[in-house]
Amino acid sequence: MEEIQFRSIMEQYDQQKVLDIFDSRDEKDKERLLKQCDFLDFSFLSALQNHDGKRGEITPIRTMKLPEIEKREEEFRNIGTEALKAGKVAALVLAGGMGTRLGSNHAKGMYDIGMTKPVYIFQRMFENMLDVVNETGAQIPLFIMTSIINDKETKEFLYEHKCFGYDPKQVHFFVQDMSPCIDIEGNIMFSKPDEFAMSPNGNGGFYSSMMNAGLDEFCRESGIEYINVFAIDNVLQRIADPVFIGATIDSGCATGAKVVKKVDPGEKVGSICLEDGQPSVVEYYDMTDELLQAKDEDGEPAYDYGVILNYLFRLKEMDGIVRNEMPVHIVKKKVPYLAESDTSETGFVTVYPDKPNAFKLETLSLDFVRMMGSCLPFEVIREKEFAPIKNPMGVDSVESARKLLIAAGYEL
Ligand code: UTP
C-alpha cells in the first residue's frame, strides 16, 4: 500500500496514535508495515464507529425435528444424493481460525486426538467425507479456507498425508483476509516494531475471500449450486449429508442449518430464531431471561435448538451479498502486543497477556443465515453429530470429543 493511502485510512478511522508510532519508525520498518497493509482489511474498523449492538425482535422459528426427518428420510436422501451426483454440491471447511483456546501453535486440523494411534482432526474430516463419497458414488469438491498464518503448513500437512485418501483433484485451497487487532482504547496494536497485530477476519470472511480467489466463478462454471460450510473442529459431524441437503432443497429455503437440542437453555451455542421476522441466530450471551423461559406453540422451550456451524448455502443468493453488508462483531480476546522496554536491545518486547486484553474484529458465517432470507433449521442427533473441540480439557474439548467418538464406535 502507498504511504499516502495508509495515512488517509488512518485519518478516516481516527488512528492518530498509530500514525505517530509509524512516523517514529525507520524506513525499513515503515516499508514492512505498508506491505502488510496489502492484506489487512481496515474497513472492519468502521464497526468501532458504528457499533450499537442492538438486536431486532427475537421470535421462535419452526425447526424440522427428528421424528419428521425420520419419516421422510428416504425421500430427502434421494433428493440429496441426486444433487451430489449431479455435482451441484461442494463442501467448504472453515480452517483459518487461530485455535487460541486449544493452545496449539499449528492449524487446528493438524491436531492429533488419537490415543493409541494418530488421529488428526483433518483425518476425521476427510474420513467423514469419504463415507458420503463411498455411499453416493459422487465426487464432492472441497474448498479449504486457511489464513496466511496457517496456509503453508496446512498444504504441506495434507500433501504429506495424501489428503487421507480423498481425491486431491477435488481439493481447492483459498486464504482468508486479515483484520487489525484493536486495544481497549480503539487503537490498532503492533505485535513487532514492523508488524501490526492482526488476526483472521472471522469465519464469515469465507465468501468474499472465495470471490477474491475466483472460486465463485469456478462454482458457476462447474455447475455447483450449494455449498456446505462447516467448522474444522467438530470431529463427529456428517459433511455433505444427503439427507440434510435433500431436506433443504425440498424446503425451497436458501439456507439450511444443522441444529442440536441444547443440553440446557444456557449452553454456549447460538440459538436459531427469527429476528424481525428473518431467520437468525441469537448468541448465548444475548439470551435474556425472557428468551430463556419462552415457550413455542407446542409448549416446548422456544429457543432450544443450537447451531453447530454446519450450513448449506444456495450460491444464487450469496452472490447478491457483498462483503460490506456483513456485520462486524467485536470479540474480546488475548492478543500479544508490543511494549517499550529499557532492558531489551531493540527497546521493545512482545508481551503475551494471560487474559483478554484486546478486540478482534470478525464477520461470522451465521450472519449469512439472516442475510439470505430463508432457512430450514434441521435437527441432528447430538451424540452422532456434535463433538466440537475448542479446549484441551473440559467442555467442548479434546477430552469430551474423544469420549463421544469412542461412544460412536470410532477407534482412537
Ligand atoms: P472459533 O470461533 O471457535 O475459533 O471457530 P477458533 O479459531 O477455532 O478458536 P479460538 O476462538 O481462537 O479458540 C469456529 C470455526 O471457524 C473457523 C475455525 O477454524 C473453526 O473451524 N474460523 C474462525 C476461520 O476459518 N476463520 C476465522 O477467522 C475464525
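Order of appearance sets the numbers: ligands from 1, and atoms from 1 within every ligand. Numbers for residues simply follow the sequence, beginning at 1.
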Identity and separation of the nearest protein heavy atom to atom 12 (O) of ligand 1: T100 OG1, 2.5 Å
Heavy-atom nearest neighbour in the protein, as seen from atom 9 (O) of ligand 1, with distance rounded to 0.1 Å: G99 CA, 3.4 Å
Any V235 side-chain heavy atom under 4.5 Å of Y410 side chain: no
Ion pair R72/D250, N-O distance below 4.0 Å: yes
Polar contact flag, side-chain donor to acceptor under 3.5 angstrom, D20-Q16: yes
Residue portion contacting ligand 1 (non-hydrogen atoms closer than 4.0 Å) for E362: neither
Proximal ligand 1 atoms for A95, defined as those under 4.0 Å from one of its heavy atoms: 19 (O), 25 (O)
Under 3.5 Å: donor-acceptor pair, side chain of N150, backbone of T154: no
Close N or O approach (M145, ligand 1; < 3.5 Å): no
Ligand-side contact atoms (ligand 1) for residue partner K390, heavy atom cut-off under 4.0 Å: 1 (P), 3 (O), 14 (C)
Element-labelled atoms of ligand 1 that are located less than 4.0 Å from some non-hydrogen atom of L309: 14 (C), 15 (C)
Side chain to side chain contact (heavy atoms under 4.5 Å, CB included) partner of Y226, the single match among L312, L84, T255, I245: L312
Residue and atom name of the nearest protein heavy atom (relative to atom 8 (O) of ligand 1), distance in Å to one decimal: K108 NZ, 2.8 Å
Nearest non-hydrogen protein atom, atom 20 (C) of ligand 1: L94 O, 3.7 Å
Protein contact of atom 23 (C) of ligand 1 - nearest heavy atom, named by residue and atom, plus distance: G97 CA, 3.6 Å
Min side-chain heavy-atom separation F206-V229 under 4.5 Å: yes
Selection from G103, A231, G202 by shortest heavy-atom distance to atom 28 (O) of ligand 1: G202
Donor-acceptor contact present, side-chain E267 to main-chain V263, <3.5 Å: yes
Of the listed options K360, K333, R101, Q176, closest to atom 26 (N) of ligand 1 (non-hydrogen atoms): Q176
